Amino acid sequence: MKSPASFHSFGGSSSKLSNYSRSFELPEDFDDLAGDEYGVGGAMLPIFLSGLQRNNQQDLVEVTLELENDSIVFCSVTPSTTPQQVGAEEKEGGSVNGSSGILARSLSATSRIRRKFAWLKSGSSSRASSSAAEVDQIQDRRITARDERRIKAKLQRTKSSAERALKGLRFISKNTGENDAVEMWKRVESRFESLAKDGLLAREDFGECIGMVDSKEFAVGIFDALARRRRQRIEKITKEELHDFWSQISDQSFDARLQIFFDMADSNEDGRVTREEVQELIMLSASANKLSKLKEQAEEYASLIMEELDPENFGYIELWQLETLLLQRDTYMNYSRPLSTASVGWSQNLSSVRPKSMFRRMCFKLRCLLLENWRRGWILLLWIMAMATLFVWKFMQYKNRAAFQVMGYCLCTAKGSAETLKLNMALILLPVCRNTLTWLRSTKARSFVPFDDSINFHKTIACAIAIGVLVHGGSHLACDFIRLTNAPSEKFALIASDFSHGKRPTYLELLIGILGITGIAMVIFMAIAFILATSHFRRNILRFPAPFNRLTGFNAFWYSHHLLGLVYILLVIHGTFLYLSHQWYQRSTWMYIAVPLLLYMGERTVRACRAEHYSVKIFKVSVLPGDVFSMVMSKPQGFKYKSGQYIFLQCPSISPFEWHPFSITSAPGDEYLSVHIRTVGDWTKELKRVFTEVNDSPFVIGRARFGGPGYIDNNCQPKLLVDGPYGAPAQDYRNYDVLLLVGLGIGATPFVSILRDLLNNSRPEDQMDLATEMSRSDDSWNSLASSNYTANSSLTIGGKKKSPPRTRNAYFYWVTRESGSFEWFKGVMDEVAEMDHKGQIELHNYLTSVYEEGDARSTLITMVQALNHAKHGVDILSGTRVRTHFARPNWKEVFRKIASKHPHATVGVFYCGMPVLAKELKKLSVELSHLTSTRFEFHKEYF
């Protein structure tokens, strides 16, 4: 049974008496143990302590001993201060240097106590020997070193550091005020009522009750720690006990939270945490954050923590050491946060710049809206004006004709909408002419035409076509056809010459005639293509039973869109056999669609010829975590592209008709092409199977079991065709001073090529010869990167040097749910971290499956991560030199710091991922552009 004891010696130069006190009660049979020799400690201990006054200084020390059976074990001597000394230290700002005298005197007292009472370090006086004395001397030095660290840690603790540490140790989702605490307890109480049985809450339901639904094991650890405080081993608790537990974990005191965290590890309640107990807590934290790889290495990381906190090798750590680790959290973390201290101070007060009056706020929002959308605005305005002009022109034209006397405004409305349909059927082809748009992106047209919105414009025109069809078809079927068939004979005589043999047609004859059949067929085909192109069908959001499930997915969208080829044929026929127009120039349908249709057909022809010429050879296929595989292939002769662009791939052995787009992840200076593909559909799954599953070996390339002619090449590999490259928003990155690249999951692929290109352009010439040393044979494609890089990459074909790149800095934020995703571009991350000597590129990885930094469930992982990176230079989650952050970035803070660091610069914000984040990034780009001197231009790319 261990019992701590404290002896206090108070002395000074003006007193010869000692004030000796003991803070423990000795057992009743202590006198029997002491005997004539005073037993344990004896009479010499207080006499010696009173002799410490001879230092002629105001010494005040605290001696901590441990009583165990028949022995006393000396633990430590720590300095204490009188109130006068405390006041003096506060005036000096609590400086650690001001404590050197106290520290020196206390350590001197420690050594004197040890020399006087050598028996304190052994359980029996009979063990004193020469060898034991040497061991004692070593032990003296170890204890002295630990005492010194404890004293310094105690003196270094400040209110501000404790407040920062409090933010890094939370057991609930946020810091709570008084009102929040009451509201949160009501929710906990409500969950208790639904989970409790017979008024008792089970231990395994504690996590769900307090809101840790996904971390029940961690919550059980908290439960056990709080139960041990009550000296209980319980499996169920009452509501009153739950309230007590809740009050403790929601306590705003750092010391209270720290004690709970320490008690979770201190399972045997001895006030010490061993390496095994640290390992158990790491495994518990890893389990709460679903980090299976971290659990496998928990023993290694526990040893790392012990090495940091227990350099004297006592084999355990105490509460103050864990406290030191948390208080110094910022010191451990700052090495990987270069943006935390901006090179230029943040001088703008955003709240003061924002207009305060309602009128000025409205003007400010209108100004932001106009400046952000002026390029879209003038295109849409021009388009709407063109449609309105054509509608009015055709409406007035038919209003002045004889047919108006028969069919009235129904005819004018139908003909006016028909004219807008001709225009839109022509325009809808332009946004999908990819080669033309790619060329236009490289011209000055990009400054006033929003090419990034080409697909959105395509969809907008499709909606206008749907409206035009309803108006045109509805006017005919529900109005003018009826008025025509029921018109008086004298009125019909005005237009009788426009019909066959001057005979009035019946309603049925109008429907089954050439115009009726072609019109109805076009409506049906367009309806099918339009419906299957909506997001609910195209993204498989709707679920149908077989065989109707084939109506959803990309294949249904792709094949249904080819029905539009028949629509254009029917449109030409429909526009040729008009009743009321007889001159060739009046039948103007072909005039509208001729040029766009020829342009589109020409592009498709070029695409087919180029794809056959761009048949590639596969160098390497690697299966990566997260249902992703990478393909490294030969670069076709004459194939030129820019970073950020994408290509289409076709594998005839899977389907001779399907083409699928993928971002290029290699750099333009590389002698190969690479793509990273996520298996999310039938085609990508089959592509992975075709290129990886050969003879039961997942990494052997080539198949010899293809029967179709032309589906395999001379090396018995499946034929893979490439079409492209095609323009994407990210290809314009060179037009900006600073880049902010944001990728969600597989959306990081277009930015990897940009990072590699930036690195190649900024690499010093004297390091070209060392490039081959940077290859990584274990990476999916990086092993080919540096070896193929040559010094001539900075030259154009004509031998002229390229103009120096405008881009000075790039910030890459990669947000993903799975830690295994970091394996995809591990080689690139390491290469950038090692070769970017100018500090041009900053990489930030974010793992959303781990609880945010500051949550108690991730606190220990954060510490392990920082310690391992400081010692080995490798992140424990990504396996790269780039530190992984937890949860999601604070995007507002990211934008603010970039604006602060790069005033008067133009920042290109490029985003690739799901649409959910695009709105927030766009809003911040607009807001910060008008509140700071930095201009942010947002570009998005969905997948």
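Throughout, numbering of the chain's residues begins at 1 and tracks the sequence. Quantities reported herein were computed from a predicted structural model and do not represent experimental measurements.
- Side-chain polar atoms of Tyr733 and Asp757 form a donor-acceptor pair below 3.5 angstrom.
- Counting only heavy atoms from C-beta outward, the side chains of Asn845 and Arg883 never approach each other to under 4.5 Å.
- Salt bridge Lys642/Asp732: absent, no basic N to carboxylate O contact under 4.0 Å.
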Give the intermediate values and the outcome of side-chain contact (heavy atoms from CB on, under 4.5 Å) for residues Phe895 and Leu921.
CA-CA 9 Å; Phe895 275 78; Leu921 296 180; 3.8 Å; yes
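- Counted by atom type alone, His902 and Tyr811 present one or more donor-acceptor pairs between their side chains at under 3.5 Å.
- Between Tyr646 and Phe648, a ring centre-to-centre spacing shorter than 6.0 Å is recorded.
- Salt bridge Asp723/Arg604: absent, no basic N to carboxylate O contact under 4.0 Å.
- A donor-acceptor pair shorter than 3.5 Å can be found between the side chains of Asp875 and Ser878.
- Applying ring-ring contact (aromatic ring centres under 6.0 Å, His included) to His561 and the options Phe557, Tyr559, Trp558 leaves one that passes, Phe557.
- Residues satisfying the ring pair (Phe, Tyr, Trp, His ring centres under 6.0 Å) criterion with Phe938, sequence neighbours excluded, are absent altogether.
- When only modelled atom types and interatomic distance are considered, Arg441 and Gln731 share no side-chain donor-acceptor pair under 3.5 Å.
- Aromatic ring centres of His676 and Phe629: separated by at least 6.0 Å.
- No donor-acceptor pair closer than 3.5 Å links the side chain of Arg610 to the backbone N or O of Arg607.
- Under 3.5 Å, the side chains of Tyr641 and Ser666 contain a donor-acceptor pair of N or O atoms.
- Exactly one residue among Phe910, Phe751, Tyr911 makes a ring-ring contact (aromatic ring centres under 6.0 Å, His included) with His939. That residue is Phe910.
- Taking the centre of each ring, Phe657 and His562 stay at or above the 6.0 Å mark.
- A side-chain contact (heavy atoms from CB on, under 4.5 Å) with Ser454 holds for exactly one of Val449, Leu437, Leu440; it is Leu437.
- Salt bridge present: Lys901 and Glu842 bring a charged side-chain N and a carboxylate O closer than 4.0 Å.
- Legend: residues meeting side chain to side chain contact (heavy atoms under 4.5 Å, CB included) with Leu430, ordered by chain and number and at least two apart, are Leu427, Pro596, Leu599.
- The closest donor-acceptor contact from the side chain of Asp452 to the backbone of Lys940 lies at 3.5 Å or more, if one exists at all.
- Met633 is listed as a side-chain neighbour of Leu720, based on a closest heavy-atom distance under 4.5 Å.
- A side-chain donor from one of Ser674 and Thr665 sits under 3.5 Å from a side-chain acceptor of the other.
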Assess the residue pair Val680 and Phe554 against the criterion (side-chain contact (heavy atoms from CB on, under 4.5 Å)); give the C-alpha distance rounded to whole Å, side-chain angles, the decisive distance to 0.1 Å, and a yes or no.
CA-CA 11 Å; Val680 292; Phe554 181 83; over 6 Å; no
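- Inspection of the Tyr736 and Glu937 side chains reveals an N or O donor paired with an N or O acceptor under 3.5 Å.
- Here Asp453 does not pair with Arg375 in a salt bridge; the nearest charged N to carboxylate O distance is not below 4.0 Å.
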